[in-house]
Each structure stands twice: as structure tokens, then as C-alpha cells.
Amino acid sequence: GNSVTQMEGPVTLSEEAFLTINCTYTATGYPSLFWYVQYPGEGLQLLLKATKADDKGSNKGFEATYRKETTSFHLEKGSVQVSDSAVYFCALMDTGFQKLVFGTGTRLLVSP
Amino acid sequence: DTAVSQTPKYLVTQMGNDKSIKCEQNLGHDTMYWYKQDSKKFLKIMFSYNNKELIINETVPNRFSPKSPDKAHLNLHINSLELGDSAVYFCASSLQGLQETQYFGPGTRLLVL
């Protein structure tokens, strides 16, 4: 079945450091890929998405590129802020059943 | 105005009780979902409704029964609550279509004692 694998956290960084959170997927066909963010005590918010190979999603300084050859969708940000501390979820859209399949989430902690 | 709202936000109850969680969306979406997030933050879909019809029903105990009175509402009723039901339950909605974004509610934190 379809699945998403994310790097385990927590990821601990100092402010202004470079961020990478790895995400790889297993799927039949070409699913849409998403990054969602969950701030403490809140629901999930869509951060960015990409719907086909080589697409780059970007938002709020975060970027991720849909790489079909490596089945990856790694999240990057050039300079993190304390306010970026949250849990980040990689997900794919199961095209057969129209449901989101989530990775286990990666907690990011950014210190001043 | 909140796009996807859930009530209650917190729910503490005893084992064996029956409880309901309500969800409403004002986005005009066709499809609504319930997800469960366990203590390790793992998120898994439970149900999906499209235009009041059940489309996805994952392997969820039949103590859980979703009800969609209209397109804008999807409620979750849980009978005979068990300790393992303690989790955060998220409602979400989207337009119909494979590439449409799902919008999540703020979650309902259920604690079964």
C-alpha cells in the first residue's frame, strides 16, 4: 500500500540555521504530495504542495520539490525562526481512495 | 470566521460512556473527513463523506459512527468509550477531486478515564 516515511525528530536548530526534513514515499501512480504543519495546540495547516514530478511547492520561505526518481519530497528552509517550531507532516494523496496518507511527523524545535 | 470548526475542543469522560463530536465547515466543500491522531502524533484517516454519502471507512471499530446530516456537517458518535480511544480527533474538508487541499479543524482532545 501507499506509505510515507519521514525522518525521526526532534530536529533541534538555532535561529537562522538551514532546515531539511526528509520525506520519501511509496505509491502506485503519481500522487500529489503535501507538507502540513501543526503548531502547538492547533490543527494542521497546509504548508505547501506539489501535484506532479519536478513541481516545486513553496510558502513562507519553505520549499519542497517533487522528485519522482528518488520518490522524495524533502522540506527545506534557508533560515528558520523560533516561530517555525512545530510538527511537520509529509503526506500523499492516495489517488485510488482520495485520502491523505501521512508520515509520522517531525518535530522541529528552534532556539533563539 | 472559522472555516472548519469542531466542538467540543476538550472532552474528558469515563470509560463506557457515549459521546459525540461535531464538525461544521463553511467553505462550501463537498467532502468531509475524520482523522485520529494518537499520542505519538500519528495521523490516520477514519472516515470520509462526500455529499452526505460514506466513501471511506477504514478499519475502525463499529463503536464509531459518523453522521452527516448535510454537506456542511459531519459528526462523530462514539459508543462505549475505551481507554484506547483517547486521542485528538480532527475533522477536515475539501472540494471533490484528487488534488484538492484538505482544510483541518482545530481538533478535539478526547481523554477517556
Group every Ile, Leu, Val, Met, Phe, Trp and Tyr by side-chain heavy-atom contacts under 4.5 Å, then state whether B/Y33 and B/I78 land in the same group. no

Are A/L100 and B/L43 side-chain neighbours, meaning at least one heavy-atom pair lies under 4.5 Å? no

Looking at A/Y39, I'd like to know if its OH atom is crowded, meaning that more than 12 non-hydrogen atoms belonging to other residues, nucleotides or ligands lie closer than 6.0 Å. yes

Heavy-atom donor-acceptor pair, A/Y36 side chain to B/Q102 backbone, under 3.5 Å: yes

Given the rule in the side chain to side chain contact (heavy atoms under 4.5 Å, CB included) test, do A/Q38 and B/F90 qualify, once you have shown the distances and angles that lead to the verdict? CA-CA 12 Å; A/Q38 184 178 24; B/F90 287 101; 3.2 Å; yes

Is B/I45 close to chain A through its backbone or its side chain, or both, or neither, when contacts mean heavy atoms under 4.5 Å? side chain

Can you hop from B/L81 to B/L83 via hydrophobic side chains spaced under 4.5 Å? yes

According to a 4.5 Å side-chain heavy-atom criterion applied to Ile, Leu, Val, Met, Phe, Trp and Tyr, with indirect links allowed, do B/M32 and A/V101 form part of one hydrophobic cluster? no

With a 4.5 angstrom heavy-atom cut-off, which part of B/Q6 approaches chain A: side chain, backbone, both or neither? neither

Is B/L11 reachable from B/V88 through a run of I, L, V, M, F, W or Y residues, each pair having side-chain heavy atoms under 4.5 Å apart? no

Would A/K49 and B/T101 count as a side chain to side chain contact (heavy atoms under 4.5 Å, CB included) here? Give the steps. CA-CA 9 Å; A/K49 71 177 184 181; B/T101 299; 3.1 Å; yes

Using a 4.5 Å heavy-atom cutoff, which residues in residues 79-86 of chain A come close to chain B? none

Pick one of side chain, backbone, both or neither for B/K40, based on which atoms fall under 4.5 Å of a heavy atom in chain A. backbone

Is it the case that over 12 heavy atoms from other parts of the model lie below 6.0 angstrom from the NZ atom of B/K22? no

Counting only heavy atoms not in A/E8 (residues, nucleotides, ligands), do more than 12 fall under 6.0 Å from its CD? no

Under 4.5 Å from any heavy atom of chain B, what part of A/L46 do you find: side chain, backbone, both or neither? side chain

Output the option from A/P31, A/A91, A/G41 having the highest count of non-hydrogen pairs under 4.5 Å with chain B. A/G41

Checking B/Q37 against A/F102 for the side chain to side chain contact (heavy atoms under 4.5 Å, CB included) test, could you report, in this order, the C-alpha distance in whole Å, the side-chain angles of both residues, the deciding distance, and whether it holds? CA-CA 11 Å; B/Q37 185 177 45; A/F102 285 91; over 6 Å; no

Counting only heavy atoms not in B/E53 (residues, nucleotides, ligands), do more than 12 fall under 6.0 Å from its CD? no

Under 4.5 Å between any side-chain heavy atoms of B/F47 and A/K99, yes or no? no

Given the rule that I, L, V, M, F, W and Y join up when any side-chain heavy atoms are under 4.5 Å apart, are B/L76 and B/I55 in one cluster? no

